[in-house]
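Predicted model only: the values in this text are computed from it and were never measured. We use all heavy atoms of the structure for the numbers below, so side chains are in, but hydrogens, waters and symmetry mates are not. Convention: sequence-line order gives letters A, B, ...; per-chain numbering from 1.
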Amino acid sequence: MDLHGNSQPEPGKLEQIVYQFRVKSLHMILDSRVPSLRRHDRSGDLSSASRARKSERWFNLALGDRPAALDNVNFWHRSPMDPMIIDVILVHEGSKSTGEYIETVIERWVVQYEYPRVVAAQTGESSASYKKTYKKSIILLRALYSQMRLLPAYRIFRQLSTSSQTYNFDIIYKVSSFSDPFSRADEEVMEEYSFTPVETFPGHLCISVTYRTTLSDFNLEHSTSLLPKIITDYVGSPNTDPLRSIPSSEKGVRAISFPLRGVRAPSPGPFQRPHSWTSGFHRAAFSAQSQPIVGSPPAYRPSPMQYDYPSPPTDIYGNRVQNYRPPIHQKAISYDDYQLSPPFSPSPSPSSPSYIASGNPMQKRVRPETAPVSIPLPITGRSSRHLSPSSFDPNRSSLPPLSPRSRRADPSSQESPSGITSFRKIEALRSGEVQNHYAGHKLIRDSKDDSGRFSGLLSSSGSPRIGFSRSSSRLSFQDDMDDNDFSCPFDVDDVDTLDLQASQNLDGRKASEFTSQSLPIGRKSQDAAVGVLVHMLRTAPPLRQDSSCYSSHSMKTEPEGGMATASGFFMPRKTADALDELRSYREMKDLLLSKSGTRVVSKEEA
Amino acid sequence: MNCEVCQLNELEVEHFEIREVLRCILHTVVFHRALGLVRPKDIDLELFEITYVQCGDAELEKKIDEKIDQFIGWVEKHPNKKSQICLSFYEVKNRQPSWFIANKVERLYWEQWYINLNVAQHTKAHSSKSHHSKVVVDPRESAPEERSARRAALEASLREVLFQIIKFVNEKKDHVPPIPTLEGVVCFPFEITIPSSSDSFGMDIFKRMLQTGHPTMLS
């Protein structure tokens with residue numbers, strides 16, 4: 001950034017300009033074309049704030065936070081001479097509307113630094129040449145920015161990113177150093193536009209774009225049809241064992257989406273529902289807008305997390321299969337609310353009227369976490385069975401998150417229905433995770449090679465991708481745990497960052513599709529639940545040491561039902577109940593701690 | 001340093017479209033020339049399906065809006081005229097401070113943009129009598145199809161103008177002066193000249209030329 005200083009020799013400055021130029025242009029293109037990335041970052045990753053500030057000033061163009069996906073596009077590993085080819089790909093339904101999705105490159109941006117092999121010795125240009133270069137590249141980036149808004153693809157990008165409705169198409173991207181040339185048919189409908197190169201003596205910085213002049217050929221529309229599809233072996237079905245232990249809270253939480261998806265789509269195209277789910281989850285919330293996709297949420301009984309009602313998940317997922325991205329375009333409004341005050345947010349997303357009718361804030365709170373599974377808690381009001389929330393005060397919303405931990409060793413206990421809920425979610429994660437673990441790892445390994453070959457890898461297979469995104473996100477999630485300074489290890493921010501990082505491993509294209517979508521609904525609830533749990537534990541230091549303190553703590557912080565909480569004096573009956581519950585919570589906590597190693601512990605101690 | 005001039009394609013606008021069209025064009029041009037740290041702001045036009053970029057600077061917006069208001073006022077007083085708005089960027093060169101010249105700063109224009117508008121005097125009710133020199137639109141109340149056709153044509157033309165701006169901005173970069181450090185968003189001073197109500201358009205140009213400090217004009 002210090003281009004006006006003379007600390008670096010000129011070639012160094014030019015290199016810096018070229019490097020930053022590529023970063024900036026990629027940032028801009030992704031920001032203006034890939035709605036899922038923007039959504040993921042919207043929560044405002046705190047850790048990236050400082051990074052954003054510095055990078056923003058490059059070329060005097062503040063674009064906001066860089067998508068985390070950018071970080072893994074290895075600019076360093078690529079030679080600056082290699083062109084950076086960014087394909088903006090439209091994923092849309094085929095004409096047959098069979099549910100298969102076709103990827104079409106609608107724009108191809110090429111950012112290239114042309115450097116002549118033989119550099120004639122020229123002494124004419126002075127040290128001011130890099131300043132001129134910098135100035136001209138600023139102008140070029142401005143022009144690029146404006147141009148991106150004038151090309152046809154911008155319209156559908158805006159549709160995807162701002163509309164609350166869901167569509168049957170999506171935009172993804174791919175960054176590579178090489179690209180397959182367009183077919184003749186494609187070329188005929190595309191035009192090319194080249195920006196005037198910026199002289200970076202002795203080379204040139206060039207940007208050009210080949211774009212489709214019209215996008216009306218595609219069948220891009222709202223997706224309203226919900227094709228029923230029977231899924232027989234979803235995670236929550238009686239077939240799967242709900243009592244399997246989860247490997248670790250984080251992992252489990254992450255993987256939950258997969259079992260559902262993987263199971264659901266026997267021959268998943270890359271853009272089957274699973275994808276739609278993951279990207280939608282990122283920003284959490286399954287706000288009201290996401291609900292319509294699922295049809296009538298009230299019709300669905302508890303989500304698979306509950307493990308009580310096998311059928312609803314089928315319906316939910318089945319219906320969702322056709323919606324390429326049902327939750328994707330839902331703005332995570334409700335989720336954000338949730339994020340701010342997880343345990344106590346009484347403002348659930350207003351989507352499901354049934355929730356409102358139930359009047360249980362706890363339910364609402366949990367609900368947003370699982371968009372596709374519209375109703376984590378039974379709407380029918382059989383809350384006694386499932387949902388502790390129904391029997392809890394709104395203020396007690398913090399309790400359910402504890403349950404997964406405490407209930408771990410005692411799954412059959414019904415004392416804390418909410419705990420069971422979360423616990424079962426974790427179970428679902430676990431079972432799902434195992435299924436696709438291998439596939440995911442395999443792909444992750446391959447994805448490390450970002451020389452561009454991964455793109456081929458990604459485009460070749462169908463189902464492996466699902467597993468891939470899953471495990472990648474899981475891995476990245478773990479990696480990032482230590483770095484994040486969040487109050488809850490399962491904050492959405494973590495997820496987003498991690499997912500994006502995972503997607504970066506893939507170098508973007510499918511990763512953005514997959515990883516962003518890899519947040520399972522169930523995982524969200526798991527996250528939320530465990531997050532609240534951790535939050536609770538953190539705020540209650542004495543709780544950890546002494547079981548007797550648990551009861552007092554629980555009395556203090558968790559009003560039960562209508563009981564007075566502050567005093568700590570309870571009827572013996574209630575105390576025993578609370579103690580039991582807390583004991584179970586503690587067990588769960590211990591379990592999670594043991595699973596996750598030192599991570600959670602460190603967080604609790606923070 | 002030579003002064004680059006860009007004549008933008010003429011646009012036929014209706015009275016109520018002036019504001020949006022002018023805002024779009026002026027902001028677009030300034031965005032490409034405001035080389036200070038900018039946080040771009042995307043603005044969607046209401047009347048057209050076009051998104052343009054603003055610098056996100058409140059002062060700039062105010063300045064442009066004021067000029068547009070002035071222009072609209074002028075148009076109302078001078079209907080049926082082709083009008084031109086000039087957006088010029090200049091460098092300020094201070095003359096030798098003389099004891100009798102307090103405020104003699106010289107402006108060296110290095111770029112000028114001419115926005116050519118043809119305002120159709122096609123206000124809602126009363127326009128039957130007015131005649132236009134070159135207006136395509138029938139002064140009578142147009143059928144909706146005509147209106148939408150015209151609207152679509154204008155949108156296409158406006159898009160063309162924006163492309164034109166980007167093209168010009170891209171091709172001609174050498175004449176842009178070095179970016180002054182420590183300036184705000186809009187690092188190069190600029191001015192927007194609208195036809196003044198006093199006299200003909202030619203006089204405005206003449207006045208501007210006097211201010212330009214072009215070597216041939218200065219004595």
Asker: Show your working on salt bridge (charged side-chain N to carboxylate O under 4.0 Å, His left out) between A:R158 and B:D44 and close with a plain yes or no.
Answerer: CA-CA 11 Å; A:R158 284 297 296 269; B:D44 301 323; 2.5 Å; yes
Asker: How close do B:L37 and A:L61 get, counting heavy atoms only, and between which atoms?
Answerer: CD1-N, 4.0 Å
Asker: What residues of residues 47-61 of chain B sit under 4.5 Å from chain A when only non-hydrogen atoms are counted?
Answerer: B:E49, B:I50, B:T51, B:V53
Asker: Under a 3.5 Å distance rule, please check whether A:R142 uses its side chain to pair with a backbone N or O of B:R33 as donor and acceptor.
Answerer: no
Asker: How close do B:V176 and A:I139 get, counting heavy atoms only, and between which atoms?
Answerer: CG2-CD1, 3.9 Å
Asker: Which heavy atom in B:D174 sits nearest to a heavy atom in A:K136, and how many Å separate them?
Answerer: OD1-NZ, 2.5 Å
Asker: If you round to the nearest 0.5 Å, how far is CZ of B:F163 from CG of A:L151?
Answerer: 5.5 Å
Asker: Would you indicate whether the side-chain heavy atoms of B:H32 and A:S146 approach each other to under 4.5 Å?
Answerer: yes
Asker: With side chains defined as the heavy atoms from C-beta onward, is the minimum distance between A:Y154 and B:D42 less than 4.5 Å?
Answerer: yes
Asker: I'd like to know which of B:T28, B:I165, B:L162 tops the heavy-atom pair count under 4.5 Å against chain A.
Answerer: B:L162
Asker: So, taking the atom named CD1 in A:I138 and the one named CD1 in B:I179, what distance separates them when rounded to the nearest 0.5 Å?
Answerer: 4.0 Å
Asker: Nearest heavy-atom pair of A:A62 and B:P40: which atoms, and what distance?
Answerer: O-CD, 3.1 Å
Asker: Which atom pair, heavy atoms only, marks the closest approach of B:I166 to A:A143?
Answerer: CG2-CB, 3.9 Å
Asker: For the CG atom of A:L141 and the CG atom of B:L35, what is their distance to the nearest 0.5 Å?
Answerer: 11.0 Å
Asker: Is the number of heavy atoms from other residues, nucleotides or ligands under 6.0 Å of B:K167 NZ greater than 12?
Answerer: no
